[in-house]
Amino acid sequence: MNITVKLFASFRTGRFDIETGDYPAGTTVADIADSLKLPQSELGIMMVNSRHVKLDRVLVDGEVLALFPLLGGG
Amino acid sequence: MDSLPIFIRAHADVQLFSWDRQIEAATRFGVTLAQVEEIALERGILPARYQRNRQAISVSDQLTMFRSSVCVVGCGGLGCYVIEELARLGVGTIVVIDPDVFEEHNLNRQLFSTPANLGTAKVNAAASRIGEINPAVTLIPVQAAFSLENGASLLDGCQIVVDALDSIKVRLELAAVCTSKSIPLVHGAIAGWFGHVATQFPGDPTLKTIYQAWESGNGVEQHLGNPSFTPALVASLEVAEVCKILLGQGTPLRGRQLIIDLFSMEIQAVTLHNNDEEQE
(Lines give C-alpha, C1' and ligand atoms only; values in the text may rest on other atoms or scores of the structure.)
Protein backbone atom coordinates (compact mmCIF):
# COMPACT_ATOMS: atom_id res chain seq x y z
CA MET A 1 0.00 0.00 0.00
CA ASN A 2 1.11 3.54 -0.66
CA ILE A 3 1.79 5.87 2.25
CA THR A 4 2.99 9.42 1.83
CA VAL A 5 5.36 10.50 4.58
CA LYS A 6 5.98 14.18 5.28
CA LEU A 7 8.90 15.06 7.51
CA PHE A 8 9.38 18.35 9.28
CA ALA A 9 12.18 20.40 10.82
CA SER A 10 15.31 18.42 11.73
CA PHE A 11 13.78 15.13 10.55
CA ARG A 12 14.39 16.32 6.99
CA THR A 13 18.16 16.39 7.42
CA GLY A 14 19.63 13.49 5.44
CA ARG A 15 16.13 12.20 4.59
CA PHE A 16 13.46 14.04 2.60
CA ASP A 17 10.64 16.58 2.88
CA ILE A 18 7.95 14.36 1.36
CA GLU A 19 8.06 10.88 -0.13
CA THR A 20 5.49 8.27 -1.10
CA GLY A 21 6.53 4.68 -0.41
CA ASP A 22 5.13 1.18 -0.67
CA TYR A 23 4.57 -0.39 2.74
CA PRO A 24 3.13 -3.79 3.74
CA ALA A 25 -0.39 -4.00 5.10
CA GLY A 26 -0.50 -3.52 8.86
CA THR A 27 2.36 -1.00 8.90
CA THR A 28 2.17 1.27 11.95
CA VAL A 29 3.47 4.76 12.60
CA ALA A 30 6.21 3.17 14.73
CA ASP A 31 7.26 0.91 11.84
CA ILE A 32 7.71 3.87 9.53
CA ALA A 33 9.60 5.86 12.16
CA ASP A 34 11.89 2.87 12.69
CA SER A 35 12.45 2.42 8.96
CA LEU A 36 13.54 6.06 8.75
CA LYS A 37 15.81 5.65 11.80
CA LEU A 38 13.85 8.28 13.72
CA PRO A 39 14.38 7.59 17.44
CA GLN A 40 11.03 7.24 19.19
CA SER A 41 12.29 9.48 22.00
CA GLU A 42 12.59 12.31 19.45
CA LEU A 43 9.08 12.02 18.01
CA GLY A 44 6.79 14.93 18.75
CA ILE A 45 3.59 15.52 16.85
CA MET A 46 2.46 12.65 14.64
CA MET A 47 -0.48 13.18 12.33
CA VAL A 48 -2.32 11.05 9.80
CA ASN A 49 -4.41 13.02 7.34
CA SER A 50 -4.04 16.03 9.69
CA ARG A 51 -5.31 14.20 12.78
CA HIS A 52 -3.15 13.41 15.78
CA VAL A 53 -2.20 9.77 16.18
CA LYS A 54 -0.04 7.57 18.39
CA LEU A 55 2.79 5.22 17.49
CA ASP A 56 0.59 2.13 17.30
CA ARG A 57 -1.75 3.60 14.67
CA VAL A 58 -2.09 1.19 11.74
CA LEU A 59 -1.91 2.99 8.41
CA VAL A 60 -4.28 2.53 5.50
CA ASP A 61 -3.48 2.76 1.80
CA GLY A 62 -3.33 6.34 0.56
CA GLU A 63 -2.89 8.00 3.95
CA VAL A 64 -0.50 10.86 4.62
CA LEU A 65 1.68 10.63 7.73
CA ALA A 66 3.34 13.77 9.07
CA LEU A 67 6.11 13.54 11.67
CA PHE A 68 7.48 16.44 13.71
CA PRO A 69 10.39 16.26 16.14
CA LEU A 70 9.90 16.84 19.85
CA LEU A 71 10.88 20.41 20.71
CA GLY A 72 11.35 21.33 24.35
CA GLY A 73 13.97 24.09 24.51
CA GLY A 74 13.48 27.56 25.86
CA MET B 1 -2.67 63.66 45.68
CA ASP B 2 -5.67 65.68 44.40
CA SER B 3 -3.36 68.04 42.61
CA LEU B 4 -1.45 65.26 40.83
CA PRO B 5 -4.16 64.84 38.15
CA ILE B 6 -4.13 68.61 37.69
CA PHE B 7 -0.35 68.55 37.30
CA ILE B 8 -0.61 65.73 34.72
CA ARG B 9 -3.29 67.56 32.71
CA ALA B 10 -1.36 70.80 32.86
CA HIS B 11 1.78 69.17 31.51
CA ALA B 12 0.23 66.87 28.93
CA ASP B 13 1.04 67.86 25.38
CA VAL B 14 -1.64 66.67 22.94
CA GLN B 15 -2.69 63.98 25.46
CA LEU B 16 0.93 62.81 25.85
CA PHE B 17 2.77 63.02 29.16
CA SER B 18 6.55 63.04 28.93
CA TRP B 19 8.89 60.81 30.92
CA ASP B 20 10.62 63.85 32.47
CA ARG B 21 7.26 65.10 33.74
CA GLN B 22 6.39 61.62 35.00
CA ILE B 23 9.55 61.62 37.12
CA GLU B 24 8.87 65.20 38.25
CA ALA B 25 5.31 64.28 39.26
CA ALA B 26 6.45 61.20 41.20
CA THR B 27 9.04 63.25 43.08
CA ARG B 28 6.82 66.25 43.75
CA PHE B 29 3.81 64.24 44.94
CA GLY B 30 5.74 61.47 46.69
CA VAL B 31 4.23 58.64 44.63
CA THR B 32 5.68 55.93 42.43
CA LEU B 33 6.18 56.22 38.69
CA ALA B 34 3.61 53.43 38.37
CA GLN B 35 1.03 55.45 40.31
CA VAL B 36 1.60 58.48 38.08
CA GLU B 37 1.21 56.25 35.02
CA GLU B 38 -2.10 54.84 36.23
CA ILE B 39 -3.55 58.25 37.10
CA ALA B 40 -2.56 59.62 33.70
CA LEU B 41 -4.02 56.64 31.82
CA GLU B 42 -7.25 56.84 33.83
CA ARG B 43 -7.64 60.36 32.48
CA GLY B 44 -6.99 59.37 28.89
CA ILE B 45 -3.48 60.79 28.93
CA LEU B 46 -0.81 58.52 27.51
CA PRO B 47 2.71 58.41 28.92
CA ALA B 48 4.69 59.55 25.89
CA ARG B 49 6.87 56.45 25.96
CA TYR B 50 3.88 54.46 24.65
CA GLN B 51 2.98 56.83 21.79
CA ARG B 52 4.12 54.36 19.14
CA ASN B 53 1.88 51.67 20.70
CA ARG B 54 -0.99 53.64 19.17
CA GLN B 55 -3.09 52.77 17.08
CA ALA B 56 -2.47 49.09 17.72
CA ILE B 57 -3.19 49.80 21.38
CA SER B 58 -5.56 52.57 22.46
CA VAL B 59 -5.14 54.65 25.63
CA SER B 60 -7.81 52.60 27.41
CA ASP B 61 -6.09 49.41 26.22
CA GLN B 62 -2.89 50.81 27.66
CA LEU B 63 -4.62 51.18 31.04
CA THR B 64 -5.82 47.57 30.79
CA MET B 65 -2.24 46.56 30.06
CA PHE B 66 -0.95 48.60 33.01
CA ARG B 67 -3.38 46.88 35.38
CA SER B 68 -2.45 43.41 34.10
CA SER B 69 -0.27 40.85 35.77
CA VAL B 70 1.59 38.31 33.64
CA CYS B 71 3.77 35.50 34.94
CA VAL B 72 6.76 34.39 32.88
CA VAL B 73 8.04 30.95 33.87
CA GLY B 74 11.64 30.66 32.71
CA CYS B 75 14.08 33.52 32.19
CA GLY B 76 16.32 32.06 29.49
CA GLY B 77 16.28 32.29 25.71
CA LEU B 78 12.54 32.77 25.43
CA GLY B 79 11.91 34.37 28.81
CA CYS B 80 14.31 37.32 28.47
CA TYR B 81 12.79 38.43 25.16
CA VAL B 82 9.26 37.89 26.50
CA ILE B 83 9.98 40.01 29.59
CA GLU B 84 11.65 42.78 27.56
CA GLU B 85 8.68 43.00 25.19
CA LEU B 86 6.05 42.86 27.95
CA ALA B 87 7.80 45.69 29.80
CA ARG B 88 8.10 47.89 26.71
CA LEU B 89 4.47 47.14 25.91
CA GLY B 90 3.54 48.46 29.35
CA VAL B 91 2.28 45.38 31.19
CA GLY B 92 2.13 46.72 34.76
CA THR B 93 3.20 43.66 36.73
CA ILE B 94 5.49 40.90 35.52
CA VAL B 95 6.28 37.95 37.77
CA VAL B 96 9.43 36.11 36.67
CA ILE B 97 10.22 32.62 37.95
CA ASP B 98 13.60 30.93 37.35
CA PRO B 99 16.06 29.20 39.68
CA ASP B 100 19.23 29.71 37.64
CA VAL B 101 22.16 32.10 37.34
CA PHE B 102 23.62 33.25 34.02
CA GLU B 103 26.37 31.07 32.59
CA GLU B 104 28.70 31.56 29.65
CA HIS B 105 26.72 29.28 27.32
CA ASN B 106 23.71 31.63 27.74
CA LEU B 107 25.51 34.55 26.05
CA ASN B 108 24.64 33.53 22.47
CA ARG B 109 20.93 34.23 22.95
CA GLN B 110 19.72 35.18 26.40
CA LEU B 111 18.99 38.88 26.14
CA PHE B 112 19.78 39.88 29.72
CA SER B 113 23.05 37.94 29.94
CA THR B 114 26.34 39.83 29.68
CA PRO B 115 29.93 38.87 30.43
CA ALA B 116 29.69 41.12 33.47
CA ASN B 117 26.65 39.42 35.03
CA LEU B 118 27.67 35.78 34.71
CA GLY B 119 26.87 34.16 38.05
CA THR B 120 24.01 36.60 38.70
CA ALA B 121 20.52 35.21 39.26
CA LYS B 122 18.60 35.52 36.00
CA VAL B 123 15.54 36.93 37.73
CA ASN B 124 17.65 39.65 39.38
CA ALA B 125 19.26 40.54 36.05
CA ALA B 126 15.73 40.78 34.60
CA ALA B 127 14.69 43.13 37.41
CA SER B 128 17.73 45.37 36.77
CA ARG B 129 17.07 45.48 33.04
CA ILE B 130 13.38 46.31 33.41
CA GLY B 131 14.30 48.93 36.02
CA GLU B 132 16.41 50.57 33.30
CA ILE B 133 14.01 50.36 30.39
CA ASN B 134 10.64 50.93 32.06
CA PRO B 135 10.72 51.75 35.78
CA ALA B 136 6.92 52.18 35.81
CA VAL B 137 6.64 48.40 35.42
CA THR B 138 6.78 46.25 38.55
CA LEU B 139 8.90 43.14 38.04
CA ILE B 140 8.63 40.55 40.79
CA PRO B 141 11.68 38.25 40.69
CA VAL B 142 11.16 34.76 42.09
CA GLN B 143 14.36 32.72 42.18
CA ALA B 144 12.78 29.30 42.41
CA ALA B 145 12.16 26.21 40.29
CA PHE B 146 8.51 25.90 39.29
CA SER B 147 6.98 22.62 40.45
CA LEU B 148 3.64 21.00 41.19
CA GLU B 149 4.30 21.72 44.87
CA ASN B 150 4.89 25.47 44.67
CA GLY B 151 3.17 26.18 41.35
CA ALA B 152 -0.32 27.08 42.54
CA SER B 153 0.92 29.71 44.99
CA LEU B 154 3.52 31.11 42.55
CA LEU B 155 0.79 31.82 39.98
CA ASP B 156 -1.55 33.53 42.45
CA GLY B 157 -2.90 36.78 41.05
CA CYS B 158 -1.58 36.22 37.51
CA GLN B 159 -4.01 36.62 34.62
CA ILE B 160 -1.86 34.93 31.99
CA VAL B 161 1.15 32.64 32.22
CA VAL B 162 3.89 32.47 29.61
CA ASP B 163 5.71 29.17 29.18
CA ALA B 164 9.38 29.97 28.63
CA LEU B 165 10.69 26.79 30.23
CA ASP B 166 13.33 24.41 28.89
CA SER B 167 11.90 21.18 30.28
CA ILE B 168 8.98 19.23 28.85
CA LYS B 169 8.28 17.65 32.23
CA VAL B 170 7.94 21.03 33.92
CA ARG B 171 5.93 22.43 31.00
CA LEU B 172 3.35 19.69 31.52
CA GLU B 173 3.29 20.44 35.25
CA LEU B 174 2.84 24.13 34.48
CA ALA B 175 -0.01 23.29 32.12
CA ALA B 176 -1.68 21.20 34.81
CA VAL B 177 -1.40 23.99 37.40
CA CYS B 178 -2.75 26.54 34.89
CA THR B 179 -5.70 24.23 34.21
CA SER B 180 -6.44 23.83 37.92
CA LYS B 181 -6.31 27.62 38.40
CA SER B 182 -8.16 28.41 35.15
CA ILE B 183 -5.35 30.60 33.83
CA PRO B 184 -4.59 30.83 30.09
CA LEU B 185 -1.11 29.56 29.24
CA VAL B 186 0.85 30.82 26.24
CA HIS B 187 3.22 28.04 25.24
CA GLY B 188 6.39 28.29 23.18
CA ALA B 189 9.25 25.86 22.62
CA ILE B 190 12.37 25.92 20.46
CA ALA B 191 15.18 23.74 19.13
CA GLY B 192 17.77 24.86 16.60
CA TRP B 193 16.05 26.51 13.62
CA PHE B 194 12.63 25.32 14.77
CA GLY B 195 9.94 26.30 17.20
CA HIS B 196 6.26 26.18 17.97
CA VAL B 197 3.66 28.28 19.75
CA ALA B 198 0.14 27.55 21.00
CA THR B 199 -2.17 28.93 23.67
CA GLN B 200 -3.90 26.69 26.17
CA PHE B 201 -7.15 28.14 27.45
CA PRO B 202 -8.65 26.74 30.65
CA GLY B 203 -10.08 23.27 30.00
CA ASP B 204 -8.17 22.75 26.74
CA PRO B 205 -5.76 19.77 26.51
CA THR B 206 -3.26 21.78 24.43
CA LEU B 207 0.06 20.78 26.02
CA LYS B 208 -1.04 17.20 26.61
CA THR B 209 -1.78 16.97 22.89
CA ILE B 210 1.47 18.58 21.78
CA TYR B 211 3.53 16.33 24.04
CA GLN B 212 1.42 13.17 23.91
CA ALA B 213 4.38 11.14 22.58
CA TRP B 214 6.73 12.36 25.32
CA GLU B 215 7.82 9.88 27.94
CA SER B 216 10.95 11.36 29.51
CA GLY B 217 13.94 13.57 28.85
CA ASN B 218 14.41 16.58 26.61
CA GLY B 219 13.58 17.25 22.98
CA VAL B 220 15.87 17.56 19.97
CA GLU B 221 17.25 20.87 21.31
CA GLN B 222 19.81 18.81 23.21
CA HIS B 223 21.69 18.19 19.97
CA LEU B 224 20.36 21.05 17.79
CA GLY B 225 21.25 23.84 20.24
CA ASN B 226 19.50 27.21 20.29
CA PRO B 227 20.80 30.06 18.11
CA SER B 228 19.86 33.69 18.83
CA PHE B 229 17.08 34.24 16.31
CA THR B 230 14.77 31.35 17.15
CA PRO B 231 13.99 32.38 20.74
CA ALA B 232 13.59 36.02 19.67
CA LEU B 233 10.95 35.04 17.10
CA VAL B 234 9.06 32.52 19.22
CA ALA B 235 9.10 34.88 22.22
CA SER B 236 7.63 37.65 20.05
CA LEU B 237 4.83 35.35 18.91
CA GLU B 238 4.13 34.48 22.54
CA VAL B 239 3.94 38.17 23.52
CA ALA B 240 1.55 38.88 20.64
CA GLU B 241 -0.69 36.15 22.07
CA VAL B 242 -0.47 37.68 25.57
CA CYS B 243 -1.33 41.13 24.21
CA LYS B 244 -4.43 39.87 22.37
CA ILE B 245 -5.68 37.85 25.33
CA LEU B 246 -5.18 40.71 27.81
CA LEU B 247 -7.08 43.08 25.53
CA GLY B 248 -9.67 40.55 24.33
CA GLN B 249 -8.83 41.33 20.72
CA GLY B 250 -7.74 39.42 17.62
CA THR B 251 -7.61 35.66 17.18
CA PRO B 252 -5.36 33.69 19.50
CA LEU B 253 -3.84 30.27 18.72
CA ARG B 254 -6.59 28.37 20.48
CA GLY B 255 -6.79 24.74 19.40
CA ARG B 256 -4.07 25.48 16.88
CA GLN B 257 -0.33 25.16 17.01
CA LEU B 258 1.90 27.39 14.93
CA ILE B 259 4.99 25.48 13.79
CA ILE B 260 7.98 27.49 12.63
CA ASP B 261 10.80 26.16 10.45
CA LEU B 262 13.39 28.89 9.90
CA PHE B 263 15.67 26.57 7.95
CA SER B 264 13.11 26.02 5.18
CA MET B 265 11.35 29.32 6.00
CA GLU B 266 7.99 27.65 6.44
CA ILE B 267 5.34 28.48 9.00
CA GLN B 268 2.23 26.38 9.34
CA ALA B 269 -0.66 26.01 11.73
CA VAL B 270 -1.84 22.53 12.68
CA THR B 271 -5.11 21.81 14.40
CA LEU B 272 -4.83 20.42 17.91
CA HIS B 273 -7.58 18.16 19.06
CA ASN B 274 -7.79 15.80 21.94
CA ASN B 275 -7.10 12.09 21.86
CA ASP B 276 -10.74 11.19 22.40
CA GLU B 277 -11.63 12.71 19.05
CA GLU B 278 -8.96 10.58 17.43
CA GLN B 279 -10.57 7.38 18.65
CA GLU B 280 -13.85 8.15 16.89
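Letters go in sequence order (proteins before strands), and every chain restarts at 1.
Between chain A and the options B:L224, B:I190, B:L165, heavy-atom pairs under 4.5 Å are most frequent for B:I190. Per-residue heavy-atom pair counts under 4.5 Å with chain A were compared for B:G76, B:G195, B:A189, B:P231, and the maximum is reached by B:A189. When each of B:I210, B:I260, B:I259, B:T230 is checked for heavy-atom pairs under 4.5 Å with chain A, B:I259 comes out on top. Among the candidates B:W214, B:Y211, B:W193, the residue making the largest number of heavy-atom pairs closer than 4.5 Å to chain A is B:Y211. Between chain A and the options B:Q110, B:H196, B:R109, heavy-atom pairs under 4.5 Å are most frequent for B:H196.
A donor-acceptor pair is defined here as one N or O able to donate and one able to accept, closer than 3.5 Å; no such pair exists between the side chain of A:H52 and the backbone of B:Q212.
Counting heavy atoms from C-beta on, the side chains of B:S264 and A:R12 come closer than 4.5 Å. Side-chain contact between B:T271 and A:M47 is absent, with no heavy atoms from C-beta onward closer than 4.5 Å. Contact annotation: the side chain of B:Q222 never approaches that of A:E42 to less than 4.5 Å [non-hydrogen atoms, C-beta and beyond].
B:S216 does not touch chain A: none of its heavy atoms, backbone or side chain, sits under 4.5 Å away. Contact of B:H223 with chain A is made through the side chain alone, with heavy-atom distances under 4.5 Å. Using a 4.5 Å cut-off between heavy atoms, B:F194 touches chain A through backbone and side chain atoms alike.
A pairwise comparison of heavy atoms in B:A213 and A:G44 identifies CB-O, 3.6 Å as the closest pair. Considering every non-hydrogen atom in both B:V220 and A:S10, the closest pair reads CG2-OG, 4.2 Å.
Within a 6.0 Å radius of NZ in B:K169, no more than 12 heavy atoms belonging to other residues, nucleotides or ligands are found.
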What verdict does the side chain to side chain contact (heavy atoms under 4.5 Å, CB included) test give for B:V270 and A:F68, after you've listed the backbone C-alpha separation in whole Å, the side-chain angles of each residue and the deciding distance to 0.1 Å? CA-CA 11 Å; B:V270 302; A:F68 296 81; 4.2 Å; yes
Residues B:D261, A:F8; criterion side chain to side chain contact (heavy atoms under 4.5 Å, CB included); working and verdict: CA-CA 8 Å; B:D261 177 340; A:F8 293 88; 5.8 Å; no
Given B:I168 and A:L70, is the side chain to side chain contact (heavy atoms under 4.5 Å, CB included) satisfied, shown in steps? CA-CA 9 Å; B:I168 297 172; A:L70 190 70; 3.6 Å; yes
